[in-house]
Amino acid sequence: MAGKATFSILALLCAIGASAQQTCKLTPFDADWPSEADWSALNTTLGGSLIKTQPVASSCYPGNPFHSSQACETVKKEWGYSYYHASLPESIGSPLYANNSCLPPGAPGYTPTKGCEVGGAPQYVVNATTEGQVATAMVWASERNIRIIIKGTGHDLNGRSSGAYSLSIWTHNFKNLDFDAAWRSPSDNRTEAAIILGSGHNWGSASRGAAKFGRVLVGGVDQTVGVGGHIQGGGHGPLSSTLGLGADQILQVRVVTTQGQILVANEAQNQDLLWAIRGGGAGQYGVVTEYVLKAHPNPGNVVSCTIEVSAAGNDIAAKEAAWRGFAVLLASIPDLMDAGLTGTGMGLASTSQDASVCNSTRKASVSIGFFTYNTTEEKVASLLKPVRDRILAEVGNSTVTVSLSEPSTQADFMTFFESANDAPSAAGTAGLMTSRLLGRKELSGIPISTLASYLQRLMVTQDPTGTALMVIGLQGGLGPRNVPEVMRGALNPAWRSAYIHMMSYGASVDSNVSPQEALDGVAQWLEETKEPVWREWAPGSGAYMNEGNAFDRMFKEDFYGASYDRLVEIKRKYDPTESLFVLSGVGSDAWDYNLNTGKLCSKCV
Ligand SMILES: Cc1cc2nc3c(=O)[nH]c(=O)nc-3n(C[C@H](O)[C@H](O)[C@H](O)COP(=O)(O)OP(=O)(O)OC[C@H]3O[C@@H](n4cnc5c(N)ncnc54)[C@H](O)[C@@H]3O)c2cc1C
Ligand SMILES: *[C@@H]1O[C@H](CO)[C@@H](O)[C@H](O)[C@H]1NC(C)=O
Ligand SMILES: *[C@@H]1O[C@H](CO)[C@@H](O)[C@H](O)[C@H]1NC(C)=O
Ligand SMILES: *[C@@H]1O[C@H](CO)[C@@H](O)[C@H](O)[C@H]1NC(C)=O
Ligand SMILES: *[C@@H]1O[C@H](CO)[C@@H](O)[C@H](O)[C@H]1NC(C)=O
Ligand SMILES: *[C@@H]1O[C@H](CO)[C@@H](O)[C@H](O)[C@H]1NC(C)=O
Ligand SMILES: *[C@@H]1O[C@H](CO)[C@@H](O)[C@H](O)[C@H]1NC(C)=O
Ligand SMILES: *[C@@H]1O[C@H](CO)[C@@H](O)[C@H](O)[C@H]1NC(C)=O
């Protein structure tokens with residue numbers, strides 16, 4: 001109740017334009033910030049699960065100011081890996097978004113003069129193992145106007161699992177996993193095979209757990225990605241183009257709200273919350289402690305085959321041809337996906353190393369690893385050979401090289417999954433990108449030359465000598481399109497007509513300024529250089545919020561589409577104190593978070 005009162009007072013102050021009364025979440029510099037004794041009392045209530053943040057790299061600084069228990073050498077060695085940040089209560093994989101507050105020497109963004117502070121990390125972390133602890137801690141913080149953040153693995157590419165002067169709910173230890181062969185929907189009594197999954201799992205432990213019951217889940221391709229944020233933001237992976245996104249698999253969730261309610265949301269109760277959790281963005285409505293997800297039968301063998309297109313020389317003709325070859329390949333994708341193929345690819349565009357070539361056209365190459373299930377190598381080769389021929393016919397074999405690998409077969413999904421995870425995934429750098437969901441119209445509804453020019457304009461780097469990278473995810477298609485209405489929630493409707501989720505990289509982080517200023521610089525460059533190309537090529541097509549430009553000034557339309565307005569209402573209902581703020585979250589435009597001050601303040605617009 002205290003929470004509700006706070007919200008109306010904030011709203012009132014804004015309404016009467018009390019700009020002098022700008023309302024901010026509490027910081028330790030405010031008189032009302034709880035004392036050590038207050039935090040200690042909370043800890044007692046929580047059964048001793050409260051952790052005062054000790055940045056792990058503190059051991060790399062004189063006197064180890066925060067008493068890190070890990071040797072600096074260990075921290076330096078492990079810093080570049082995702083699993084490491086996931087194992088620590090406070091750490092995140094893109095530390096720039098936590099103000100680079102305590103980096104080990106050698107880490108991207110490290111400057112010897114900066115020192116080690118808690119800074120952009122949460123002040124305290126609840127190492128939760130029960131919903132009661134989560135509820136108690138969040139009510140306590142909300143009543144005190146303290147910002148709350150939620151961390152699963154810390155993988156978020158835009159640092160949405162960190163925040164200065166916050167209390168963090170760490171879901172890492174919600175690790176239950178069960179199988180129910182006939183989970184009964186309370187709305188219509190239909191039964192579904194389901195995996196009941198604690199939100200502390202990552203896709204490695206969840207996929208292996210499901211495999212023990214002979215089932216597969218729609219998860220991410222990388223084993224270190226957590227189920228918490230992946231699913232709620234959409235969640236694509238190797239099965240999404242066949243079965244729909246992660247968010248489309250949710251039968252039920254258990255959610256703890258900032259007001260302390262412990263809710264079950266399914267098709268018969270708290271349907272609005274279920275709808276929001278089904279793709280409306282993570283870290284915003286409450287803490288999901290448990291998912292009930294559709295569990296699918298093994299899809300059969302996995303047959304893979306790769307196509308690569310590259311310029312056959314350094315001359316202008318070859319470079320131009322490679323861009324057109326790239327475009328022909330992309331234009332072929334909707335039909336290939338309708339025929340059952342999925343996959344991921346990568347495009348590169350390098351600047352000339354040859355000074356005699358007086359033309360700035362970049363040299364492009366593209367490689368797409370296609371795969372599909374339960375089929376033969378002959379079938380896959382018969383789908384891809386005509387694509388190779390089409391590229392050669394359109395651009396000529398004297399100017400581009402097109403190679404088609406021999407198809408290969410893996411016995412089943414888990415063999416494929418384990419082989420995709422044979423090396424640990426990287427962390428420690430900032431995931432600065434912009435992305436779009438592209439449909440048939442954008443890929444095969446425009447002339448090849450027009451498509452090639454969009455690609456060429458997108459594949460630029462802020463550092464003019466850099467190599468531009470594009471990641472091409474074949475994660476839309478029939479799967480998202482055929483999801484039954486009863487399973488659909490707030491997920492960006494753009495996914496229903498998308499084929500490719502395309503990510504474009506190339507921004508540089510200025511290490512001579514503060515993280516806030518560096519991010520402002522990146523935001524401006526993306527807004528001026530890349531967003532205009534997307535807006536021209538794919539107006540209104542939407543983007544994937546988990547792998548997108550969190551500074552997109554049109555984030556409401558791009559990340560949420562038509563679901564946005566209803567999500568604002570649901571957010572207001574379940575988090576009336578607005579304790580949960582994330583970058584480009586629902587209603588986030590009413591707040592200003594500044595890494596320099598660490599303050600989160602309402603804008604009173
Ligand atoms: C190496 C790597 C590989 C990736 N591969 C894929 C991929 O194959 N497919 C794909 O779709 N995406 C992929 N992503 C992007 C991924 O979807 C996002 O990073 C996502 O935010 C990860 O969620 P998390 O829970 O692991 O991360 P976290 O950083 O812990 O959380 C992300 C967001 O979710 C919130 N959150 C986490 N848990 C909960 C919970 N239980 N309840 C409420 N909110 C919660 C957090 O507050 C935060 O806002 C990848 C990212 C990385 C770094
Ligand atoms: C909470 O209590 C536990 C157990 O007594 C203790 O180890 C821990 O340091 C305490 N945390 C805080 C923030 O005081
Ligand atoms: C963030 O880092 C900058 C310097 O890079 C520093 O001036 C600022 O105080 C830091 N902010 C917080 C909240 O620690
Ligand atoms: C978190 O809690 C779990 C379960 O009680 C415990 O095993 C683990 O050591 C704790 N982690 C930290 C970092 O305190
Ligand atoms: C589901 O089945 C139960 C028990 O058979 C029955 O009582 C209930 O009315 C059914 N609910 C619906 C929505 O059909
Ligand atoms: C594999 O394909 C065969 C027919 O080609 C079909 O009968 C079978 O159900 C498929 N298996 C799966 C798991 O889809
Ligand atoms: C480079 O060459 C291409 C093809 O001839 C031409 O279209 C383009 O304008 C040239 N670019 C520059 C910067 O000269
Ligand atoms: C290019 O195509 C021509 C005509 O089809 C063919 O004769 C030639 O062998 C091809 N060259 C290469 C390198 O594939």
Side-chain angles (χ1 to χ4, degrees), residues 36-37 39-44 46-54 81-83 85-86 92-94 97 123-128 134 148-163 168-172 174 198-203 216 218-238 240 242 245-247 253-256 277 281-291 296-301 344 373-376 379 412-413 420 424-427 429 431 471 473 475 501 503 544-548 580-583 585:
E36 290 279 335
W39 287 103
S40 181
L42 173 65
N43 191 20
T44 305
L46 299 176
S49 64
L50 190 69
I51 298 170
K52 191 169 162 72
T53 298
Q54 297 174 286
Y81 298 109
S82 285
Y83 65 76
H85 300 279
I92 60 168
S94 299
Y97 289 90
Q123 292 280 314
Y124 289 86
V125 181
V126 182
N127 178 11
V134 176
I148 300 170
I149 61 149
I150 308 165
K151 181 190 165 187
T153 65
H155 267 38
D156 194 88
L157 298 164
N158 302 110
R160 296 185 186 95
S161 36
S162 197
S168 171
I169 308 296
W170 190 33
T171 58
H172 184 73
F174 285 102
S199 62
H201 279 278
N202 63 23
W203 283 118
V216 298
V218 176
V221 69
D222 187 300
Q223 63 175 339
T224 65
V225 174
V227 306
H230 173 269
I231 298 177
Q232 291 179 70
H236 66 71
S240 59
T242 315
L245 290 155
V253 275
R254 294 181 64 88
V255 182
V256 184
I277 299 288
Q284 315 187 31
Y285 311 101
V287 176
V288 173
T289 55
E290 183 185 278
Y291 290 102
H296 298 273
N298 205 301
N301 68 1
T344 54
Y373 304 100
N374 193 26
T375 190
T376 62
K379 179 82 194 305
D412 57 25
F413 182 78
S425 64
T429 55
V471 173
Q475 290 126 355
H501 156 51
M503 297 183 255
Y544 177 37
M545 70 178 90
N546 278 357
E547 293 174 323
L580 296 166
F581 164 90
V582 297
L583 263 188

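Both ligands and their constituent atoms are indexed starting at 1 by order of listing.
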Problem set entry | Member of L46, T171, V287 meeting the side chain to side chain contact (heavy atoms under 4.5 Å, CB included) criterion with V134 | V287
For this session: May I ask you to identify, for T171, whether its side chain, its backbone, both or neither come under 4.0 Å of ligand 1 on a heavy-atom basis?
Result: side chain
Exercise. With respect to atom 35 (C) of ligand 1, which of A282, A420, G473, G237 exhibits the smallest heavy-atom separation?
Worked result: A282
Exercise. W203 vs H230 aromatic rings, parallel, tilted or perpendicular, using cut-offs 30° and 60°?
Worked result: perpendicular
Exercise. Can an N or O of V221 be found at a distance shorter than 3.5 Å from an N or O of ligand 1?
Worked result: yes
For this session: Check whether any side-chain heavy atom of T153 lies under 4.5 Å from a side-chain heavy atom of V225, and answer yes or no.
Result: no
Exercise. Are the side chains of L580 and I150 in touch, meaning some heavy atoms are under 4.5 Å apart?
Worked result: yes
For this session: Check whether any heavy atom of G154 sits under 4.0 Å from an atom of ligand 1.
Result: yes
Exercise. Between K151 and ligand 1, does any nitrogen or oxygen pair lie at a separation below 3.5 Å?
Worked result: no
For this session: Answer yes or no: does an N/O atom from A426 fall short of 3.5 Å to an N/O atom of ligand 1?
Result: no
Seminar exercise, completed: The answer for which part of Q284 has a heavy atom under 4.0 Å from ligand 1 is neither
Exercise. Within the distance-only criterion (no hydrogens, no angle test), does the side chain of D156 pair as donor or acceptor with the backbone N or O of N546 below 3.5 angstrom?
Worked result: no
For this session: Please step through side chain to side chain contact (heavy atoms under 4.5 Å, CB included) for the pair Q475 and L245, ending with a clear verdict.
Result: CA-CA 8 Å; Q475 290 126 355; L245 290 155; 5.5 Å; no
Exercise. To which of Q232, H501, R160 does the heavy atom nearest atom 43 (C) of ligand 1 belong?
Worked result: Q232
For this session: Decide whether an N or O pair under 3.5 Å exists between G152 and ligand 1.
Result: yes
Exercise. Can you list, by chain and residue number, every protein residue with a non-hydrogen atom closer than 4.0 Å to ligand 2?
Worked result: N43, G48, L50, K52, Y124
Exercise. Considering distance alone, does some N or O of G229 sit under 3.5 Å from an N or O of ligand 1?
Worked result: yes
Problem set entry | Close-contact set for ligand 6 against N298 heavy atoms, below 4.0 Å | 13 (C)
Exercise. Would one find an N or O of D156, backbone or side chain, under 3.5 Å from an N or O of ligand 1?
Worked result: yes
For this session: Pick one of side chain, backbone, both or neither for how Y544 approaches ligand 1, counting any non-hydrogen atom pair under 4.0 Å.
Result: side chain
For this session: Would you check whether G235 has a nitrogen or oxygen atom less than 3.5 angstrom from a nitrogen or oxygen atom of ligand 1?
Result: no
For this session: Give me the ring orientation class for H501 and Y544: parallel if the planes are under 30° apart, tilted from 30 to 60°, perpendicular past 60°.
Result: perpendicular
Exercise. Between T344, V225, T289, which one has a non-hydrogen atom sitting closest to atom 16 (C) of ligand 1?
Worked result: V225
Exercise. For atom 9 (N) of ligand 1, which of Q475, M545, H236 has the closest heavy atom?
Worked result: H236
Exercise. With only distance considered, is I150 within less than 3.5 Å of ligand 1 through an N or O on each side?
Worked result: yes
Exercise. Under the 3.5 angstrom rule, does the side chain of Y97 hit a backbone N or O of G163 as a donor-acceptor pair?
Worked result: no
Exercise. Does a sphere of radius 6.0 Å around OH in Y81 hold more than 12 heavy atoms from other residues, nucleotides or ligands, not counting ones at 6.0 Å or beyond?
Worked result: no
Exercise. Evaluating non-hydrogen atoms only, which member of H155, E547, E290 is closest to atom 52 (C) of ligand 1?
Worked result: H155
Problem set entry | D222 N/O to ligand 1 N/O under 3.5 Å | no
